[in-house]
Amino acid sequence: MRIAVIPGDGIGQEVVAAALPALDLVAEIFDLDATVEQFDWGADRWLRTGVGLPEGAVAQLRAEFDAVLLGALGDPRIPDMAHGRDILLGLRRGLDLCVNHRPLPLATGTIELFRENTQGLYAGVGGTVGPPDRPTVAIDECVYTRDTVQRFLRYSLGRIRDAGQRRVTLVHKANAVPHTGRLWRELYAAELAAFPELDGTDEYVDAFCYHLVRDPGRYQGVVAPNLFGDIISDIGAALLGGLGLAASASICPQARLALFEPVHGSAPDIAGTGVANPYATVLCLALMLDHLGHRAPADALRAALAAARAEGGTPDVGGHDTTSGFMTRVLAALRHQHHRARPREVTAQ
Ligand code: NAD
Ligand code: IPM
Ligand code: MN
């Protein structure tokens with residue numbers, strides 16, 4: 001298992017550095033061969049060299065790695081986030097990662113949220129008229145292709161069905177944004193026909209947000225266009241108890257290489273203070289192991305996170321742990337489970 005690691009900026013570097021020992025330990029316990037190579041793509045390099053995503057990066061990742069772990073991008077010295085778009089959106093588009101899975105394990109049940117990840121308002125189509133520093137017209141086009149929406153829906157509905165969920169909701173805004181809205185609704189109805197187990201419905205995104213906050217138990221599977229999915233996932237993270245808890249997997253339905261990153265950003269307000277929550281990043285490692293077919297170590301990481309969370313947590317979730325203090329709990333829980341579970345694992349092998 002070869003893993004490319006892009007710590008990025010701000011707390012991205014802190015949570016990745018904190019989480020990687022959990023990968024080492026779980027690999028040791030389950031006898032997995034996991035090698036990690038780090039890439040310094042981020043704000044410092046951009047400011048030093050002007051390079052965001054280096055030339056050939058996408059081809060290198062495809063050729064040499066099984067998965068990518070990314071911390072976060074975003075730096076106050078680059079207020080327009082030009083480097084972040086180049087690297088993050090460049091990877092999502094370059095690797096054709098059109099599905100972004102952001103599971104929300106809420107007390108009312110898990111919402112399997114799937115966000116389209118490469119198109120819509122993120123397609124990078126647009127421009128300005130007039131002086132660049134004071135344009136008279138500014139345009140960002142919302143672009144969707146039949147092929148990508150179809151691949152996204154087919155894969156996401158399949159995953160929602162495989163997760164044992166019955167209800168699925170398409171989130172859209174077809175009343176105000178009719179062209180892409182119509183395409184999404186047409187393809188949703190067509191793709192749903194292949195999933196008789198699923199009971200499909202659709203909602204306007206504004207009403208969806210209202211209901212999500214008041215009654216999250218109403219939702220099981222959710223499929224959403226790019227920007228709506230971005231916004232919904234932060235609301236969902238708030239319902240979970242904080243952004244530090246929400247993880248994501250960016251997937252190409254036609255390839256094995258996938259990218260895993262927490263839902264949160266580089267949190268400049270707490271960067272450098274040693275209290276960033278590494279929970280979501282460890283959960284990303286579990287999603288990564290699941291994706292690569294290593295279910296038992298993924299479950300072990302999730303169990304260790306739950307045990308650590310029951311005993312403590314970082315300040316964002318109401319605890320007093322530092323980043324490293326919380327990871328000490330996670331690693332101890334992993335070792336503890338291992339000692340208890342060992343005889344059974346040996347038999348299973
Ligand atoms: P943010 O997600 O970085 O932070 C929002 C709030 O949540 C902050 O108060 C922060 O302290 C808190 N928070 C987030 N993650 C946390 C964690 N792990 N532990 C404890 N608290 C945590 O959003 P923002 O402040 O709007 O964005 C900061 C920068 O990150 C911006 O440059 C933005 O563009 C970028 N960003 C990047 C990504 C990404 O790389 N995937 C995602 C979102 C935002
Ligand atoms: C996320 C982030 C990114 C997005 C930004 C940083 C471009 O908010 O991963 O949720 O909008 O996708
Ligand atoms: Mn976001």
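Indexing begins at 1, ligand by ligand and atom by atom, following the structure's order. The chain is numbered in sequence order, starting from 1.
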Would you give the length of the straight line joining atom [atom1] of [X] to atom [atom2] of [Y], rounded to the nearest 0.5 angstrom?
X    : Y    : atom1 : atom2 : answer
L73  : L88  : CG    : CG    : 5.5 Å
L289 : L23  : CG    : CG    : 6.5 Å
R92  : L259 : CZ    : CG    : 8.0 Å

inquiry  = Does the plane of the ring in F39 sit parallel, tilted or perpendicular to the ring in F65? Use 30° and 60° as the thresholds.
reply    = perpendicular
Considering only non-hydrogen protein atoms, determine which one is nearest to [atom] and report residue, atom name and distance to 0.1 Å.
atom                    : result
atom 9 (O) of ligand 1  : D269 OD2, 2.7 Å
atom 3 (O) of ligand 1  : A267 N, 2.8 Å
atom 5 (C) of ligand 2  : L88 CD2, 4.4 Å
atom 7 (O) of ligand 1  : L243 CD1, 3.6 Å
atom 22 (C) of ligand 1 : I270 CD1, 4.1 Å
atom 18 (N) of ligand 1 : N277 O, 3.1 Å
atom 8 (O) of ligand 2  : D230 OD1, 3.3 Å
atom 1 (C) of ligand 2  : R102 NH2, 3.4 Å
atom 30 (O) of ligand 1 : S266 N, 3.1 Å
atom 35 (C) of ligand 1 : L73 O, 3.1 Å
atom 34 (O) of ligand 1 : M81 CE, 3.5 Å

Side-chain donor-acceptor pair under 3.5 Å between [X] and [Y], yes or no?
X    : Y    : answer
T118 : E116 : yes
T314 : D321 : no
E14  : T323 : no
D9   : H83  : yes

Element-labelled atoms of ligand 2 that are located less than 4.0 Å from some non-hydrogen atom of [X]:
X    : answer
R92  : 1 (C), 4 (C), 9 (O), 12 (O)
Y122 : 4 (C), 11 (O), 12 (O)
M81  : 6 (C)

task = Decide, yes or no, whether a salt bridge links R218 with E203 under the criterion of side-chain N to carboxylate O below 4.0 Å.
result =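 Here R218 pairs with E203 in a salt bridge, since their nearest N and O are under 4.0 Å apart.
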task = Answer yes or no: are there more than 12 heavy-atom neighbours, outside Q254 itself, under 6.0 Å from its atom CD?
result =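 Yes, because the 6.0 Å sphere around CD of Q254 holds more than 12 heavy atoms from other groups.
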R167, CZ atom: more than 12 neighbouring heavy atoms under 6.0 Å =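 More than 12 within 6.0 Å, yes.
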Under 4.0 Å from ligand 1, counting heavy atoms only, is it the side chain of [X], its backbone, both or neither?
X    : value
V275 : neither
I11  : side chain
H264 : both

List every atom of ligand 1 that sits less than 4.0 Å from any heavy atom of [X], numbering the atoms from 1 in the order shown and giving each element.
X    : answer
A276 : 19 (N)
G244 : 17 (C), 18 (N)
A72  : 40 (O)
V263 : 42 (C)

request  = Mind running side-chain contact (heavy atoms from CB on, under 4.5 Å) on L239 and L104 for me, showing each step along the way?
outcome  = CA-CA 9 Å; L239 295 173; L104 297 168; over 6 Å; no
task = Would you kindly confirm whether L91 and V51 end up in one hydrophobic cluster when ILVMFWY residues are joined by side chain heavy atoms under 4.5 Å apart?
result =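 L91 and V51: separate clusters.
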ask   = Can you pull the ring-ring contact (aromatic ring centres under 6.0 Å, His included) pairs that have at least one residue in residues 152-187, sequence neighbours excluded?
value =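 The answer is Y144-W184, F152-W184, H172-Y204.
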task = Could you note down all residue pairs passing ring-ring contact (aromatic ring centres under 6.0 Å, His included) where residues 205-243 supplies at least one of them, sequence neighbours left out?
result = F208-Y219
task = Before signing off on this row, confirm whether E261 and ligand 2 have an N or O atom pair separated by under 3.5 Å.
result =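 Min N/O separation from ligand 2 is not below 3.5 Å for E261.
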ask   = Is any N, O or S atom of D234 under 2.8 Å away from the Mn ion (ligand 3)?
value = no
request  = Tell me which one of A246, P268, G265, G74 gets a heavy atom nearest to atom 28 (C) of ligand 1.
outcome  = P268
ask   = Is there a protein heavy atom at a distance of less than 4.0 Å from atom 12 (C) of ligand 1?
value =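 No, because not a single protein heavy atom sits under 4.0 Å from atom 12 (C) of ligand 1.
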query = Would a 4.0 Å cut-off, counted as strictly less than, catch a protein heavy atom around atom 26 (O) of ligand 1?
reply = no
ask   = Below 3.5 angstrom, do we get any N/O pair linking P262 and ligand 1?
value = no
task = Return the name of the atom in D230, of element N, O or S, nearest to the Mn ion (ligand 3).
result = OD1
